[in-house]
Novice: 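The structure is given below, and queries will be raised subsequently.
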Amino acid sequence: MKETNHQELEGFTLTMAILDLIPVLFFSIGAGILASRFNSLFFRIGIILVIVAGSLKALWKFVIALVHKDVHFLSRQMRYLMPLGFLLALISLLINQWSMEAVIHHIMTFPSFLFLIIGILGIFVLAWHGKHYDVRDAKANWREQMINGIVQLCIMLCILF
């Protein structure tokens with residue numbers, strides 16, 4: 001655990017940490033619905049890894065806000081756990097040959113299609129944001145979490161509808 005000076009931690013508030021949990025919650029709901037429809041151990045393990053990665057990143061912000069310490073592992077693990085989780089979920093879809101016709105039919109209906117398009121565009125914005133801003137910048141974190149919340153809400157709504 002690395003202790004950082006107060007100026008480096010400025011802006012990492014309890015409100016930010018709570019906001020960071022909202023996309024994790026939306027993702028968990030959408031992924032849980034998919035996991036209940038798709039009986040695959042690889043898929044479920046992958047989704048759990050993604051949820052754990054997002055939760056640990058939110059925990060990082062709680063630790064900064066409440067204890068004023070930077071536990072690097074909590075923020076850096078995401079670059080390993082999240083891609084591994086999505087890779088396992090993707091492999092499970094390929095191995096178990098999910099019905100692409102059913103998926104396409106579902107996502108091409110209104111309003112699912114609209115939510116999917118907004119979600120995909122938001123993912124591109126998040127990728128751009130991740131390349132251009134420092135994870136330790138509180139203002140960048142606020143923007144990223146608001147965008148991520150909208151993205152995850154839209155993807156969850158796409159799955160629900």
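Side chains are part of it too, since the values below use all heavy atoms of this structure and drop only hydrogens, waters and symmetry mates.
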Novice: Between C158 and L116, which heavy-atom pair has the shortest distance, and what is it?
Specialist: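 Heavy-atom minimum between the residues: SG-CB, 3.8 Å.
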
Novice: Kindly work out whether a path of hydrophobic side-chain contacts (I/L/V/M/F/W/Y, heavy atoms less than 4.5 Å apart) joins I123 to I117.
Specialist: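 No, I123 does not connect to I117 through the hydrophobic network.
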
Novice: Contact between N39 and R44 at the side-chain level, heavy atoms closer than 4.5 Å - yes or no?
Specialist: yes

Novice: Under a plain distance cut-off of 3.5 Å, with no hydrogens placed, do W60 and D70 share a side-chain donor-acceptor pair?
Specialist: yes

Novice: Can you tell me how far the CG atom of L34 sits from the CD1 atom of I29, to the nearest 0.5 Å?
Specialist: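 Reported value, rounded in 0.5 Å steps: 12.5 Å.
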
Novice: Which heavy atom of G11 sits nearest a heavy atom of W142, and at what distance?
Specialist: O-NE1, 3.5 Å

Novice: Quick one: list whatever passes side-chain contact (heavy atoms from CB on, under 4.5 Å) with L153, sequence neighbours left out.
Specialist: F26, M156, L157

Novice: Side-chain contact test, heavy atoms from C-beta onward, threshold under 4.5 Å: evaluate it for I51 versus F27 and give yes or no.
Specialist: yes

Novice: Decide yes or no for I120 and V151: does some side-chain heavy atom of the first lie under 4.5 Å from some side-chain heavy atom of the second?
Specialist: no

Novice: Among I155, L126, N148, whose side-chain contact (heavy atoms from CB on, under 4.5 Å) with P23 holds?
Specialist: N148

Novice: Find the distance between OG (S40) and CG (L88) and round it off to the nearest 0.5 Å.
Specialist: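 Going from the OG atom of S40 to the CG atom of L88 covers 9.0 Å.
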
Novice: Taking all non-hydrogen atoms of both residues into account, name the closest pair between G122 and I147 and its distance.
Specialist: O-CG2, 4.1 Å

Novice: Would you check if F62 and L14 make a side-chain contact, meaning some heavy-atom pair closer than 4.5 Å?
Specialist: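 Yes - at least one pair of side-chain heavy atoms lies under 4.5 Å apart.
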
Novice: State yes or no: do I33 and F42 share one hydrophobic cluster built from I, L, V, M, F, W and Y residues joined by side-chain heavy-atom distances below 4.5 Å, directly or via other members?
Specialist: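 Looking at the clustering, F42 is in the same group as I33.
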
Novice: State the CG-NZ distance between D20 and K61, to the nearest 0.5 angstrom.
Specialist: 3.5 Å

Novice: Measuring from I150:CD1 to L121:CG, what's the distance to the nearest 0.5 Å?
Specialist: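 Going from CD1 on I150 over to CG on L121, the span is 12.5 Å.
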
Novice: Between I95, L93, L94, which is the residue that forms a side-chain contact (heavy atoms from CB on, under 4.5 Å) with I91?
Specialist: I95

Novice: Measure across K57 and Q77 and return the closest heavy-atom pair with its distance rounded to 0.1 Å.
Specialist: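 Distance-wise, the nearest heavy atoms are N-NE2, 3.6 Å.
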
Novice: Side-chain contact, heavy-atom cut-off 4.5 Å: K69 with I64?
Specialist: no

Novice: Do you reckon I18 sits in the same ILVMFWY cluster as L25, going by side-chain contacts under 4.5 Å, direct or chained?
Specialist: yes

Novice: Would the distance check show the side chain of N141 and the main-chain N or O of D137 forming a donor-acceptor pair, the cut-off being under 3.5 Å?
Specialist: yes

Novice: In Å, rounded to the nearest 0.5 Å, how long is the span from NE2 of H129 to CZ of R143?
Specialist: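 Taking NE2 in H129 and CZ in R143, the distance rounds to 4.5 Å.
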
Novice: For F86 and V50, run side-chain contact (heavy atoms from CB on, under 4.5 Å): C-alpha distance rounded to whole Å, both residues' side-chain angles, the deciding distance at 0.1 Å, then the answer.
Specialist: CA-CA 7 Å; F86 279 122; V50 173; 3.8 Å; yes

Novice: Just by modelled atom types, is the W128 backbone N or O under 3.5 Å from a matching donor or acceptor in the H132 side chain?
Specialist: yes

Novice: Is the shortest side-chain heavy-atom distance between L56 and L81 below 4.5 Å?
Specialist: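 They are in side-chain contact.
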
Novice: Report yes if the side chains of F38 and S92 come closer than 4.5 Å at any heavy-atom pair, otherwise no.
Specialist: yes

Novice: Do V67 and F73 belong together in a cluster built from hydrophobic side chains that touch within less than 4.5 Å?
Specialist: yes

Novice: What closest approach, in Å, do A138 and E10 show between heavy atoms, and which atom pair accounts for it?
Specialist: CB-O, 3.5 Å

Novice: Nearest 0.5 Å, please: how far is OG1 in T109 from CD1 in I104?
Specialist: 12.5 Å

Novice: Are V63 and F12 side-chain neighbours, meaning at least one heavy-atom pair lies under 4.5 Å?
Specialist: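 V63 vs F12: side chains apart.
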
Novice: Y133 and A140: which non-hydrogen atoms are nearest, and at how many Å?
Specialist: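 So the minimum-distance heavy-atom pair works out to CB-CB, 3.6 Å.
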
Novice: Between L41 and V52, is there a shared hydrophobic cluster once you connect ILVMFWY residues whose side-chain heavy atoms come closer than 4.5 Å?
Specialist: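 Yes, L41 and V52 fall within the same hydrophobic cluster.
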
